Chemist: 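Below: one structure in structure tokens.
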Number of protein chains: 2
Amino acid sequence: MATGKKYTIGKLSELSGCVIQTIRYYEQISLLPEPDRSPRGHRLYNNDLLARLKFILRLRQLGYNLEKTRDLLNIVDGGKYTCQQIKKKTLQHAQTIHDKITDLKKIETELLKMAAQCNDDKGRDCSILDSLFHT
Amino acid sequence: MATGKKYTIGKLSELSGCVIQTIRYYEQISLLPEPDRSPRGHRLYNNDLLARLKFILRLRQLGYNLEKTRDLLNIVDGGKYTCQQIKKKTLQHAQTIHDKITDLKKIETELLKMAAQCNDDKGRDCSILDSLFHT
DNA sequence: CTTGCACCTATAGTTACTATAGCATGTATA
DNA sequence: TATACATGCTATAGTAACTATAGGTGCAAG
């Protein structure tokens, strides 16, 4: 099997949906390895790097921050993991997401409660501002 | 009715629960006005400023960013608002919180679905990584 | 007298990008 | 042949909302 296809950064951007600056940024912080370069000095990517970038983007979509993303990449790169470990980490992350949801729900409830107390007046006597000022 | 009590920034920090640096930061970005100064140049706050700071902190707790916070402060400062307006803004903000909750719930569902597909194996054949790599 | 405390200013660091300036090179067109 | 355009490059600054640090002042207690 010959060497696979090579993409410029523009093509990688197109294929991954990730803007060029972010790709370079991920390289800078070593989430992506330094790719080959053309004689002109342009970055050349292959399918492996495309897959790695997509993996990173998927984790970001799922709310992993870059540190957690790096952590997972290291584990996968090292090859010394068990499916159990990955599951545990996944559930831990799900829990942090769940905690955020809980916080936001509390906030939503408070906001709706405040809004419901409003007499919908055209005046300046505002129960919302009152409760904002006295809590 | 004599002039009210004056607090140093340390006291204001204690009374409000806001750290000193943040108080100075809010002053720097003009969320808080420049307070009086002692002969030594130390900031001196009064109850009005304490109330204003608490109001800001409350909005921050409720998920308002500084721009939205500033917006509300301007409205209150201007005095030209109706209770209706405030209610509308409150409900709009509640909606953005709700949207965040919706996003996070989607993420949580996906994470739990992935975790549920895991065979809990001690091996390296991991369905979670598979789905992460192929989505 | 010197140690400690509370305050001061100005500046840099954090996260995860995003945008800009200024440059090189290859291709398409006038 | 000249020039414009596209694509790439590096380095640096800006964003949000703080947080932390360095270096300095002045007062009071031991």
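First the proteins, then the strands, lettered A, B, ... as listed; each starts at 1. What you see is a predicted model, and the numbers here were worked out from it, not measured in a lab.
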Chemist: NA contact type, A:Tyr64, heavy-atom cut-off 4.0 Å: base, sugar-phosphate, or nothing?
Modeler: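 Touches nothing.
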
Chemist: Is the shortest side-chain N/O distance from B:Thr22 to OP1 or OP2 of D:dT19 below 4.0 Å?
Modeler: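 Checking D:dT19 against B:Thr22, a side-chain N or O does come within under 4.0 Å of OP1 or OP2.
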
Chemist: D:dA16 phosphate, OP1 or OP2: any side-chain N/O from B:Arg60 under 4.0 angstrom?
Modeler: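 B:Arg60 to D:dA16 OP1/OP2: no side-chain N or O under 4.0 Å.
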
Chemist: Distance check needed: C:dT9 C1' versus B:Ile20 CD1, whole Å only.
Modeler: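 Those two atoms, CD1 and C1', are 14 Å apart.
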
Chemist: Would A:Tyr45 and A:Tyr7 count as a close aromatic pair, with their ring centres under 6.0 Å?
Modeler: no

Chemist: Is a donor on one side and an acceptor on the other found under 3.5 Å between the side chain of A:Ser13 and the backbone of A:Ile9?
Modeler: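 No.
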
Chemist: Mind checking if A:Arg24 touches a base, just sugar-phosphate, or nothing, with heavy atoms under 4.0 Å?
Modeler: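 If one applies the 4.0 Å heavy-atom cut-off, A:Arg24 turns out to touch a base.
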
Chemist: Rounded to whole angstroms, how far apart are CD on B:Gln21 and P on C:dT11?
Modeler: 17 Å

Chemist: Between B:Glu27 and A:Asn65, just flag the one whose closest nucleotide in DNA chain C comes earlier from the 5' side.
Modeler: B:Glu27

Chemist: Can you tell me how far apart CD (B:Glu34) and CZ (B:Arg43) are? Round to the nearest 0.5 Å.
Modeler: 8.5 Å

Chemist: Does C:dC7 have its OP1 or OP2 closer than 4.0 Å to a side-chain nitrogen or oxygen of B:Arg43?
Modeler: no

Chemist: Look only at the side chain of A:Arg52 and the backbone of A:Leu31, and say whether a donor-acceptor pair between them is shorter than 3.5 Å.
Modeler: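 It does hold such a pair.
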
Chemist: Separation of A:Glu14 atom CD from D:dA6 atom P, in whole Å?
Modeler: 15 Å

Chemist: Which heavy atom of A:Cys83 sits nearest a heavy atom of B:Cys118, and at what distance?
Modeler: SG-SG, 3.0 Å

Chemist: Whole-Å distance between D:dA6 P and A:Lys11 NZ?
Modeler: 17 Å

Chemist: How many whole angstroms separate atom CG of B:Leu31 from atom C1' of D:dA17?
Modeler: 11 Å

Chemist: Atom CD1 of A:Ile9 to atom C1' of D:dT7: distance rounded to whole Å?
Modeler: 11 Å

Chemist: Counting side-chain heavy atoms from CB outward, which of D:dC18, D:dT19, C:dC17 is closest to A:Leu66?
Modeler: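 Output: C:dC17.
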
Chemist: With a 4.0 Å limit, can you tell me whether B:Arg40 has a side-chain N or O closer than that to the phosphate oxygens OP1/OP2 of D:dG24?
Modeler: no

Chemist: I want to check one thing: is the phosphate of C:dC17, taken as OP1 and OP2, less than 4.0 Å away from some side-chain N or O of A:Tyr26?
Modeler: yes

Chemist: Between B:Thr8 and C:dA6, is there a side-chain N or O to OP1/OP2 distance below 4.0 Å?
Modeler: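 Checking B:Thr8 against C:dA6: no side-chain N or O falls below 4.0 Å of OP1 or OP2.
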
Chemist: Between C1' on D:dA6 and NE2 on A:His42, what's the gap in Å once rounded to a whole number?
Modeler: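 In whole Å, D:dA6 C1' lies 11 Å from A:His42 NE2.
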
Chemist: Roughly, in whole Å, what's the span from CD in A:Gln28 to C1' in D:dT12?
Modeler: 10 Å

